[in-house]
Student: 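I'd like to ask you about the structure that follows.
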Amino acid sequence: MIPVQYRDHLFIYLPLVRKVLEKDMGKFKKVGLKFERTYLNYLEKVTNKVGIDIGKVKRNMYKKGLTIYDQGRDEKGCCKYLFVCREYRQNVTLFPHLMKNKVAEYLAQYLSGIQTL
């Protein structure tokens with residue numbers, strides 16, 4: 001189970017996990033492995049699970065009244081987001097190397113089958 005403080009950040013990380021999986025599926029198709037279809041089927045299942053979880057996160061955010069806006073990157077390359085919940089606003093800055101580590105962590109959880117929301 002994901003700690004409560006990271007639940008709202010799933011809206012940022014899960015689409016990145018899905019993007020990594022889709023990119024890797026494209027690479028699997030180009031390589032020409034012996035059991036390519038088996039690997040692709042598994043990656044498609046995992047990608048579908050990520051998509052379902054993105055939908056759950058979006059519904060949960062809607063219930064809370066939470067909206068997250070991508071503010072782009074600053075001059076140092078950090079990713080900036082604005083969290084808005086009713087009249088409250090919070091700016092969040094995420095470092096790219098930490099985001100990469102978090103995406104890798106979520107990806108490992110999905111591939112091992114232990115990711116649950």
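These numbers were taken from a predicted model, which means no experiment stands behind them.
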Student: Nearest 0.5 Å, what's the CD1-OG1 distance between Ile52 and Thr47?
Tutor: 11.0 Å
Student: Are Tyr69 and Asn91 close enough that some pair of their side-chain heavy atoms sits under 4.5 Å apart?
Tutor: no
Student: Hey, does Leu94 have a side-chain heavy atom less than 4.5 Å from the side chain of Cys78?
Tutor: no
Student: Nearest 0.5 Å, please: how far is NZ in Lys27 from CG in Leu43?
Tutor: 12.5 Å
Student: Scan residues 16-48 for pairs that pass ring-ring contact (aromatic ring centres under 6.0 Å, His included), counting only residues two or more places apart or in two chains.
Tutor: Phe28-Tyr39
Student: Nearest 0.5 Å, please: how far is OG1 in Thr67 from CZ in Arg89?
Tutor: 9.5 Å
Student: Walk me through whether Lys102 and Glu105 qualify under salt bridge (charged side-chain N to carboxylate O under 4.0 Å, His left out).
Tutor: CA-CA 5 Å; Lys102 202 60 155 166; Glu105 179 183 318; 3.5 Å; yes
Student: Do the ring centers of His9 and Phe83 come within less than 6.0 Å of each other?
Tutor: yes
Student: Would Leu10 and Asp53 satisfy side-chain contact (heavy atoms from CB on, under 4.5 Å), going step by step from the backbone distance to the final call?
Tutor: CA-CA 9 Å; Leu10 286 175; Asp53 288 348; over 6 Å; no
Student: Under the side-chain contact (heavy atoms from CB on, under 4.5 Å) rule, what do Ser112 and Tyr110 come out as? Steps first, then yes or no, please.
Tutor: CA-CA 5 Å; Ser112 66; Tyr110 275 103; over 6 Å; no
Student: Quick one: do Met25 and Val31 end up in the same hydrophobic cluster if we chain Ile, Leu, Val, Met, Phe, Trp and Tyr together by side-chain heavy atoms under 4.5 Å apart?
Tutor: yes
Student: Minimum heavy-atom separation for Asp70 to Lys80, with atom names?
Tutor: OD1-O, 3.5 Å
Student: OG1/Thr93 to CZ/Arg73 distance, rounded to the nearest 0.5 angstrom?
Tutor: 12.0 Å
Student: Okay, side chain of Arg86, backbone of Lys64: is any donor-acceptor separation there less than 3.5 Å?
Tutor: yes
Student: Apart from Tyr88 itself, which Ile, Leu, Val, Met, Phe, Trp or Tyr residues share its cluster (side-chain heavy atoms under 4.5 Å, direct or through members)?
Tutor: none
Student: Go through the steps for Glu44 and Arg37 under the test salt bridge (charged side-chain N to carboxylate O under 4.0 Å, His left out), then give the verdict.
Tutor: CA-CA 10 Å; Glu44 286 173 7; Arg37 194 70 244 157; 3.0 Å; yes
Student: So, using side chain to side chain donor-acceptor pair (under 3.5 Å) as the criterion, who are the partners of Gln90 when residues are at least two apart?
Tutor: none
Student: Once you round to the nearest 0.5 Å, how far does CG of Leu40 lie from NZ of Lys29?
Tutor: 6.0 Å
Student: Are Leu111 and Leu14 grouped together when hydrophobic residues (ILVMFWY) are joined by side-chain heavy atoms under 4.5 angstrom apart?
Tutor: yes
Student: Give the minimum heavy-atom separation between Gly77 and Pro96, together with the two atoms involved.
Tutor: O-CG, 3.1 Å
Student: Check the hydrophobic clustering (I, L, V, M, F, W, Y; side-chain heavy atoms under 4.5 Å; chains of links allowed) and say if Val20 and Leu98 are grouped together.
Tutor: no
Student: Does one hydrophobic cluster hold both Val92 and Ile12, with members joined at side-chain heavy-atom distances below 4.5 Å?
Tutor: yes
